[in-house]
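Accompanying notes for the structure given below.
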Amino acid sequence: MSDNELGLFLRVRREAVTPAEVGLPAGPRRRTPGLRRSELATLAGVSVEYVTRLEQGRDRRPSPQVLSALADALRLAPGERVHLHRLSKGAGGGFSCMGAAPPGRTIRPGVRALLERLEPAPAAVVNRLGELVAWTGGYEALAGPLGILDDDPPNLTRYVFTDPRARDAYPDWALVADEQVATLKQGPFRHDPHVERLADELTVTAGAAFTDRVRSVPGLPRPNGVVRVAHPEAGPLRLSYERLDLPADDDQFLLVHLPADEAASRALDRLAGRRPGALRAVTA
């Protein structure tokens, strides 16, 4: 399995930028999605050979000046620029910001109070392994009937890839699976022994559905979006979500779902009315 995350990220972002976005003519015979390597090289002021070496993983330590030029040429957003910088710093391995620390499985009192204030919205605290650490009653009403909370502790990533109910629960399963892999790869990925163990497990249990994504999905999950859910009690739902990263010491993020339309709003209200409840948390 390739560990060339820097090259993968550059290639995926290059293919996502259209010539028109950077003021270049599209031309009549373009077989390459997005920009050609030669076009990126020209925009960044480097050689085509150097762009090729970066994408193929034969050079993994570009200078800050080159990184900045590539980020400008690819029109990277601030979050993407931070991710590019992290990939270049971590390309050689040997250092993990988390060290050997186990994934965060308890929440601070302040985060707990925040989660309680979010009732009855479906909200949960998730750690870097995809484990659900704590959740609202609203989240239990949403996720419980889907089977997400069946394991102890519940794990979103494992559920998406190994539970057959997940493909029925998410009509856009492939997009949800991409996001789960992007979340795992956002940090040091296999340089983190805890994430590596989960990745090894999913390599065996999920096979190509997981490993193909590891090779093709860059590690930058979307901070917000819309997900479709086929709920056995509430019917089809369109839910907006916001992913809010907590401080690094927490090693967690807050995931909040909101109705994306009036039908979803009514459905969530019915679910919350049937199952009002207090904050749920995994016991340490």
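The shown structure was predicted, so the numbers you read here are calculated from the model rather than taken from an experiment.
Evaluated for a side chain to side chain contact (heavy atoms under 4.5 Å, CB included) with V227, the options L175, L237, V176, D172 yield exactly one hit, V176. With D261 as the partner, the salt bridge (Lys or Arg N to Asp or Glu O under 4.0 Å) test is satisfied by one option alone out of R238, R266, R228: R238. Shown are R75, R13, R222; of these, the salt bridge (Lys or Arg N to Asp or Glu O under 4.0 Å) with E80 is made only by R13.
Atom-to-atom distance recorded for R86:CZ and L6:CG is 14.5 Å, nearest 0.5 angstrom. Rounding to the nearest 0.5 Å places CD of E201 at 7.0 Å from OG1 of T162. For the atom pair CG of D192 and CZ of R197, the computed distance is 8.5 Å after rounding to the nearest 0.5 Å. Interatomic distance, D163 CG to D151 CG, rounded to the nearest 0.5 Å: 7.5 Å. A distance of 4.5 Å separates CD1 in I107 from CZ in R112, rounded to the nearest 0.5 Å. A distance of 10.5 Å separates CG in L43 from CG in D72, rounded to the nearest 0.5 Å.
Between L255 and V126, the closest heavy-atom pair is CB-CG2, 4.4 Å. Residues H231 and A234 share a closest heavy-atom pair of ND1-N, 3.1 Å. Of all the heavy atoms in Q252 and T106, the pair that sits closest is NE2-O, 2.8 Å. Minimum heavy-atom separation, R243 to P221: NH1-CG, 3.7 Å. Between D59 and L54, the closest heavy-atom pair is O-CD2, 3.1 Å. The shortest heavy-atom contact between R190 and E196 is NH1-CG, 3.5 Å.
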Fill in: CA sep, side-chain torsions, deciding dist, call: D150, Y159, side chain to side chain contact (heavy atoms under 4.5 Å, CB included)
CA-CA 9 Å; D150 285 0; Y159 169 80; over 6 Å; no
Practice prompt. Apply the test side chain to side chain contact (heavy atoms under 4.5 Å, CB included) to residues R128 and T183: give CA-CA distance (whole Å), side-chain angles for both, the deciding distance (0.1 Å), then the verdict.
Written response: CA-CA 7 Å; R128 72 181 187 270; T183 297; over 6 Å; no
Discussion item. One pair to check against salt bridge (Lys or Arg N to Asp or Glu O under 4.0 Å): R14 and E55. What are the steps and the verdict?
Written reply: CA-CA 10 Å; R14 173 174 62 81; E55 290 192 0; 2.7 Å; yes
Discussion item. One pair to check against side chain to side chain contact (heavy atoms under 4.5 Å, CB included): L254 and V111. What are the steps and the verdict?
Written reply: CA-CA 9 Å; L254 178 63; V111 177; 5.8 Å; no
Discussion item. Test side chain to side chain contact (heavy atoms under 4.5 Å, CB included) on N127 and F253; report intermediate values, then the result.
Written reply: CA-CA 6 Å; N127 67 20; F253 63 89; over 6 Å; no
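Looking at heavy atoms from C-beta onward, T52 lies in side-chain contact with R58 at the 4.5 angstrom threshold. The closest side-chain heavy-atom distance from T157 to L202 is below 4.5 Å. Counting only heavy atoms from C-beta outward, the side chains of V66 and R61 never approach each other to under 4.5 Å. By the 4.5 Å heavy-atom criterion applied to side chains, K185 and L8 are counted as neighbours. Using a 4.5 Å cut-off on side-chain heavy atoms (C-beta onward), P218 and E5 make no contact.
A donor-acceptor pair under 3.5 Å is absent between the side-chain atoms of S38 and the main chain of V48, judged by distance alone. With hydrogens and angles disregarded, a donor-acceptor distance shorter than 3.5 Å links the side chain of S216 to the backbone of D212. Checking side-chain atoms of S88 against main-chain N and O of H85 turns up a donor-acceptor pair under 3.5 Å.
Grouping the Ile, Leu, Val, Met, Phe, Trp and Tyr side chains by contacts below 4.5 angstrom, directly or via other members, places L244 with V125. Cluster annotation: V214 and V12 are assigned to distinct hydrophobic clusters (Ile/Leu/Val/Met/Phe/Trp/Tyr, side-chain heavy-atom contacts under 4.5 Å, transitive).
For R165, the CZ atom is densely surrounded, since the number of other residues' heavy atoms within 6.0 Å is greater than 12.
Using modelled atom types and a 3.5 Å distance limit, the side chains of T18 and E21 yield a donor-acceptor pair.
Residues satisfying the side-chain contact (heavy atoms from CB on, under 4.5 Å) test with P259, not counting sequence neighbours, are A264, S265, L268. Residues forming a ring pair (Phe, Tyr, Trp, His ring centres under 6.0 Å) with F161 (at least two apart in sequence, or on another chain): W173, F210.
The aromatic rings of H257 and Y241 are tilted relative to each other, their planes meeting at an angle between 30° and 60°.
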